[in-house]
Amino acid sequence: GASIRIGIAGYGNLGRGVQAAIAKNPDMELVGVFTRRDPATLSLAGGASAFHMDELAKHTDDIDVLILCGGSKTDLPEQGPVLAAKFNTVDSFDTHAKIPEHFAAVDAPATAAGKTALISAGWDPGMFSINRVYGEALVPDGQTYTFWGRGLSQGHSDAIRRVPGVAAGVQYTIPSTEAIAKVRAGERPTLSTREKHVRECFVVLDEGASAETVRESIVTMEHYFDQYDTTVNFIDALTLASEHSSMPHGGFVFRSGNTSDEHAQVIEYSLALGSNPEFTSSVLVAYARAVHKMNKAGQVGAKTVFDVAPGLLSPKSPEQLRAEQL
Ligand code: NDP
C-alpha cells in the first residue's frame, strides 16, 4: 500500500533519531520537520523539509502520524493535547508519576477529534513497561526489578539543564552490580531505591551562578533526584564536549518468582544501547505504524503501549507473521 506519511514535531535528539529511523523503514516517508525555531536555522540531513510549528495546521491532510519529539518536562504537556486534536500522535512522555495526568490531557481532545494518541512509547516507559507487565502476568508470585544504565538519562539531563544557573549538563544513572547479581540468581532481595542505583551529574554553570544553589536545586528535585544519592560535579564546557557527548544507555527488567514451592523462574530483558535517542526514536516510529493501523480501525483516544498488539508494530501482514514468527 501507500507509505505512511510522518511528521516530526520538534527537532532535537529524538527528532533527528526519528528522521534516521524513517530511513530504515521503507513503508514510511517523512513529510517534514516542524520546529518552534526559525526553520531556516536547522541543519537538516538528507534534504528533508523544515517548517515552523505554526504551519502544522496546513498539513492535517498530508500527515498520517505526527511524532512528538519535544521534552517531557515542559514541551509535551503543552504540545500533546493541542496536537492530538489535529493529528494522530506518538510521544515518549517519560515523567512516570505524571503519566495518568498526561493520558487524560490528550485523551479528551483525541477522542473528540477521532484521532489516536499513543503516549509514553520508547524504552522506559515503553519496552521495559511491556516486559514488566508480561513478567507480572506470567509469574504472579514474584517480584519485578528494573535497573537502568550505566547510561546518560535524557529525561534527567533535560531536567538539570532547566535549573536556573545551569548552562549545560548531563546525568548518568549507574546500577549496582551486587544488586543485579542477587536478582539474576533468583534471590528476590528487597532493595531500596537508593540501593539499586546512584545518579551522577556533570554540570557547566552559567557565569556568576552559585554552585551550592544549583547543587541543592538538583539533588532535591521531586521525582527526578530526591529519592537517590546524587553527586554533582562541576566541569567546564570543553570537558563536557570532549568527555560527555555520546548518549549510551540501557538496563534490565527482571521478573523473579516461583510457579510452585519447587521451582523458581527468572525472566530477564536487557538493552545495551549505543544511542538512547536513536533507539527511542526507532521505537516511536514502529508505534507510529501501529497508531496508523489503529486509527484506521476506529481505535481512537489516548493509548499506551499496553493497548497495542505486537503484530501492529510490524510492517508484515498477520498472515506473514504467523508463517514466519510463530
Ligand atoms: P532535546 O532537548 O534534544 O529536544 C527537545 C526539544 O527541544 C526539541 O523538540 C526542540 O524543539 C528543542 N531543541 C532541540 N535542540 C535545540 C536547540 N539547539 N536549541 C533550542 N531548542 C532546541 O530532547 P531529546 O530529543 O533528547 O528528548 C526528548 C524527550 O524524550 C526527553 O525529554 C525525554 O523525556 C524523552 N525520552 C523518552 C524515552 C523513553 O524511553 N520513553 C527515552 C529517551 C528520551 P523545537 O525544534 O520545537 O525547538
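Order of appearance sets the numbers: ligands from 1, and atoms from 1 within every ligand. We number each residue from 1, following the sequence as shown.
- Distances from ligand 1 to the non-hydrogen atoms of A121 include at least one value under 4.0 Å.
- No salt bridge links D54 with R36; every basic N to acidic carboxylate O contact stays at or beyond 4.0 Å.
- Where the criterion is an N or O separation shorter than 3.5 Å, residue side chain and backbone included, Q79 fails it with respect to ligand 1.
- Using a non-hydrogen distance threshold of 4.0 Å, G126 does not register as a contact of ligand 1.
- At least one heavy atom of P125 sits less than 4.0 Å from an atom of ligand 1.
- Using a cutoff of 4.0 Å between basic side-chain nitrogens and carboxylate oxygens, D94 and K73 are not scored as salt-bridged.
- Listed by number with element, the atoms of ligand 1 under 4.0 Å from a non-hydrogen atom of M53 are 47 (O).
- Counting heavy-atom neighbours within 6.0 Å of Y134 OH, excluding the residue itself, gives a total of 12 or less.
- At a 4.0 Å heavy-atom cut-off, ligand 1 touches N276 through the side chain alone.
- At the top of the distance list for atom 28 (C) of ligand 1, counting protein heavy atoms only, stands G70 O, 3.4 Å.
- Across S281, G15, S72, heavy-atom proximity to atom 31 (C) of ligand 1 is greatest for S72.
- In D124, the part holding a heavy atom less than 4.0 Å from any atom of ligand 1 is the backbone.
- Scanning the protein heavy atoms around atom 12 (C) of ligand 1, the nearest turns out to be R36 NH2, 3.7 Å.
- Atom 33 (C) of ligand 1 has its nearest heavy-atom neighbour, among L42, T41, V305, D94, in D94.
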May I have the list of side-chain donor-acceptor pairs in residues 243-251 shorter than 3.5 Å, sequence neighbours left out?
| residue | atom | partner | partner atom | Å |
| --- | --- | --- | --- | --- |
| H244 | ND1 | Y172 | OH | 2.8 |
| S245 | OG | A241 | O | 3.2 |

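- Under a 3.5 Å cut-off, the side chain of N25 and the backbone N or O of M28 do not form any donor-acceptor pair.
- Taking atom 37 (C) of ligand 1 as the reference point, the nearest protein heavy-atom neighbour is S92 O, 3.3 Å.
- Considering A50, S129, G71, A9 only, the shortest heavy-atom separation from atom 5 (C) of ligand 1 involves G71.
- Proximity of the aromatic rings of F87 and H59 is defined here by a centroid distance below 6.0 angstrom, and this criterion is not met.
- Using modelled atom types, one side-chain atom of N233 and one backbone atom of C201 make a donor-acceptor pair closer than 3.5 Å.
- Within ligand 1, the atoms closer than 4.0 Å to a non-hydrogen atom of T35 are 45 (P), 46 (O), 47 (O), 48 (O), numbered from 1 in the order shown.
- At distances below 3.5 Å, at least one donor-acceptor pair connects side-chain atoms of R194 with backbone N or O atoms of Y228.
- Polar contact check, Y11 against ligand 1: a nitrogen or oxygen pair lies under 3.5 Å apart.
- Under a 4.0 Å criterion applied to the non-hydrogen atoms of G122, ligand 1 contributes the atoms 39 (C), 40 (O), 41 (N).
- Note on E55 versus K58: salt bridge recorded, some NZ/NE/NH1/NH2 to OD/OE distance being below 4.0 Å.
- Atom 26 (O) of ligand 1 has Q154 OE1, 1.9 Å as its closest protein atom, hydrogens excluded (heavy atom only).
- Classified by interplanar angle (parallel below 30°, tilted 30° to 60°, perpendicular above 60°), the ring pair H197/W148 is tilted.
- Looking at T239, its side chain never comes within 3.5 Å of a backbone N or O of I235 through a donor-acceptor pair.
- The protein heavy-atom contact nearest to atom 17 (C) of ligand 1 is R37 NH1, 3.2 Å.
- Under a 4.0 angstrom heavy-atom cut-off, C69 registers as being in contact with ligand 1.
- For atom 6 (C) of ligand 1, the nearest non-hydrogen atom of the protein is D75 OD2, 3.6 Å.
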Would you tabulate the side-chain donor-acceptor contacts of residues 178-186 under 3.5 Å, counting partners in other chains and residues two or more places apart, or write 'none'?
| residue | atom | partner | partner atom | Å |
| --- | --- | --- | --- | --- |
| R184 | NE | E268 | OE1 | 3.0 |
| R184 | NH2 | E268 | OE2 | 2.9 |

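- Considering V33, L68, L14 only, the shortest heavy-atom separation from atom 25 (O) of ligand 1 involves L14.
- Shortest contact from atom 4 (O) of ligand 1 to any protein heavy atom: G12 CA, 3.7 Å.
- What sits closest to atom 38 (C) of ligand 1 on the protein, heavy atoms only, is T280 CG2, 3.7 Å.
- Residues D64 and R5 are paired through a salt bridge, judged by an N-O separation under 4.0 Å between the basic side chain and the carboxylate.
- Of all atoms in ligand 1, numbered sequentially from 1 with element shown, those under 4.0 Å from a heavy atom of W123 are 39 (C), 40 (O), 42 (C).
- Taken from CG in L42 to CZ in R37, the straight-line distance is 5.0 Å, to the nearest 0.5 Å.
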